[in-house]
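In what follows, a structure is listed as structure tokens, so that the remarks can point back to it.
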Amino acid sequence: KKIWERFSNNDLYNNNVLIYGVGQIGKEVAKFCKLFGMNVYGIKKNTKNLKPEDFYLDKLYERSELNKIIQYIDYLILVAPATKETNNIINKKIFSKMKKNSVVINISRGSLINESDLLYAINNKLIAGAALDVFANEPLNKDNPLWNFENIIIYPHSASTTYKENERITKIFCDNIKLYLEGKPLKNQFNSELGY
């Protein structure tokens, strides 16, 4: 539209961010949040004998503590796998406890957010907005009401898609062949019992 209109925005400094799913990707997200001066908290399935600082976190919580901490969070970043335990973990109950100016960011799996409840939260101004890279059903249907909101940013499941992505995947594959031939544990192994 070629409109030059100045505006103010919040900065990230001293905002509270909660990373739900502090694995390899969540740890990287936490590292960058720390660089912005954010207060960084994390939720992990198993926290036994783990130090928050090893994940760039100020504090590490169990999954069962989500209800306790969510009311203090400015940004909720979802980086957890799709499992029975995480299905619809972000729902009307969670949205109702969130700050009115909070934002949900999902870069993991669409099944973590109950999309009907998200629509309810957006329509009723329970949260300020969302940035979504993943959805319960992909590609996102053109009739899906999520498309119709200015405070929802939609990506087509491409948060990890970069020009170097295939090069990195190939390197992991080649490294794993070497590790396999040496009888050593592989990188990024999938556990079919856990679902990730």
Side-chain angles (χ1 to χ4, degrees), residues 9-91 93-95 97-113 127-134 153 155 159-162 164-165 167-169 171-172 175-176 178-179 184-191 193-196:
N9 206 347
N10 290 329
D11 59 25
L12 297 175
Y13 179 78
N14 208 29
N15 277 219
N16 297 324
V17 61
L18 176 63
I19 300 166
Y20 189 99
V22 189
Q24 286 182 317
I25 297 170
K27 181 179 176 180
E28 287 298 307
V29 171
K31 179 168 65 173
F32 286 104
C33 290
K34 268 303 202 198
L35 291 173
F36 281 105
M38 300 180 85
N39 305 310
V40 187
Y41 308 103
I43 288 183
K44 193 166 176 60
K45 182 178 182 178
N46 184 1
T47 62
K48 189 176 182 183
N49 300 322
L50 297 179
K51 296 178 186 170
E53 56 271 17
D54 291 341
F55 296 90
Y56 304 98
L57 302 172
D58 294 300
K59 187 156 173 128
L60 186 59
Y61 294 91
E62 297 274 346
R63 282 183 179 172
S64 61
E65 298 178 281
L66 174 62
N67 286 316
K68 179 174 89 173
I69 188 173
I70 197 64
Q71 63 185 318
Y72 305 107
I73 300 304
D74 299 297
Y75 296 92
L76 171 61
I77 304 176
L78 304 173
V79 198
T83 65
K84 288 182 285 187
E85 294 86 18
T86 61
N87 187 43
N88 288 322
I89 193 76
I90 308 305
N91 51 44
K93 181 179 176 185
I94 297 298
F95 288 126
K97 293 181 179 184
M98 294 177 74
K99 294 166 80 171
K100 302 278 187 230
N101 64 338
S102 63
V103 175
V104 176
I105 302 166
N106 192 359
I107 58 172
S108 56
R109 296 291 177 250
S111 63
L112 272 65
I113 295 179
I127 62 171
L132 308 170
D133 184 53
V134 291
I153 298 171
Y155 283 85
S160 67
T161 305
T162 66
K164 298 273 187 178
E165 178 187 24
E167 183 180 318
R168 290 184 185 111
I169 291 169
K171 182 179 180 340
I172 292 169
D175 290 347
N176 274 340
K178 184 179 177 188
L179 291 169
K184 295 179 180 174
L186 306 181
K187 293 180 182 178
N188 299 334
Q189 281 191 283
F190 180 80
N191 183 321
E193 290 179 21
L194 294 175
Y196 56 91

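Checking side-chain atoms of N176 against main-chain N and O of K187 turns up a donor-acceptor pair under 3.5 Å. Side chain of N15 to backbone of D74: no donor-acceptor contact under 3.5 angstrom is found. Checked by atom type and distance alone, the side chain of T47 never pairs as donor or acceptor with a backbone atom of K44 at under 3.5 Å.
Between Y75 and L12 the shortest side-chain heavy-atom distance falls below 4.5 Å. A 4.5 Å side-chain heavy-atom check between N188 and Q24 finds at least one atom pair inside the cut-off. Put simply, the side chain of L78 reaches to within 4.5 Å of the side chain of V104, judged on heavy atoms. In this structure, the side chains of I127 and L76 stay at 4.5 Å or more apart for every pair of heavy atoms.
In this model, no donor atom of one side chain and acceptor atom of the other lie less than 3.5 Å apart for E62 and S64.
Take K34 and apply the salt bridge (charged side-chain N to carboxylate O under 4.0 Å, His left out) test, not counting sequence neighbours, and it matches D58. In this view, K171 and D175 satisfy the salt bridge (charged side-chain N to carboxylate O under 4.0 Å, His left out) rule, not counting sequence neighbours.
The OG1 atom of T161 sits 15.5 Å away from the NZ atom of K164 when rounded to the nearest 0.5 Å. One finds the CD1 atom of I94 at 11.0 Å from the CD atom of Q71 (value rounded to the nearest 0.5 Å). Taking OG from S102 and CZ from F95, the interatomic distance works out to 8.5 Å, rounded to the nearest 0.5 Å. Taking CG of N10 as the reference point, atom CG of N101 lies at 7.5 Å (rounded to 0.5 Å). Separating the SG atom in C33 from the CG atom in L57 is a distance of 9.5 Å, to the nearest 0.5 Å. Note: I19 CD1 to Y61 OH = 13.0 Å, rounded to the nearest 0.5 Å.
Between T86 and A80 the shortest heavy-atom distance is CG2-CB, 4.3 Å. Nearest heavy atom pair, residue K27 against residue F55, reads CG-CA, 4.1 Å. Annotation for L112 and S108: closest pair CD2-OG, 3.6 Å, computed over non-hydrogen atoms. Scanning both residues, P81 and G195, for their nearest heavy atoms gives CB-O, 4.4 Å. Residue V22 comes nearest to G42 through the heavy atom pair CG2-CA, 3.6 Å, listed as atom of the first residue, atom of the second, then distance. Closest approach of V134 and R109 over heavy atoms only: CG2-C, 3.4 Å.
Open room surrounds OH on Y13; 12 or fewer heavy atoms of other groups in view lie less than 6.0 Å from it. Within 6.0 Å of CD1 in I25 there are 12 or fewer heavy atoms belonging to other residues, nucleotides or ligands.
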Determine, step by step, whether F36 and V17 satisfy the side chain to side chain contact (heavy atoms under 4.5 Å, CB included) criterion, reporting the C-alpha distance in whole Å, the side-chain angles of both residues, the deciding distance to 0.1 Å, and the verdict.
CA-CA 11 Å; F36 281 105; V17 61; over 6 Å; no
Residue pair I169, I172: steps toward the side chain to side chain contact (heavy atoms under 4.5 Å, CB included) verdict
CA-CA 5 Å; I169 291 169; I172 292 169; 5.7 Å; no
Begin from the C-alpha positions of R168 and E165 and carry the test salt bridge (charged side-chain N to carboxylate O under 4.0 Å, His left out) through to its verdict.
CA-CA 5 Å; R168 290 184 185 111; E165 178 187 24; over 6 Å; no
Going through the distances and angles, do Y41 and N16 end up as a side chain to side chain contact (heavy atoms under 4.5 Å, CB included)?
CA-CA 8 Å; Y41 308 103; N16 297 324; 3.8 Å; yes
Audit row: Y196, K45, side chain to side chain contact (heavy atoms under 4.5 Å, CB included) steps and yes/no
CA-CA 12 Å; Y196 56 91; K45 182 178 182 178; 3.6 Å; yes
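When the options I89, I77, I73 are evaluated for a side chain to side chain contact (heavy atoms under 4.5 Å, CB included) with Y20, the one that passes is I89.
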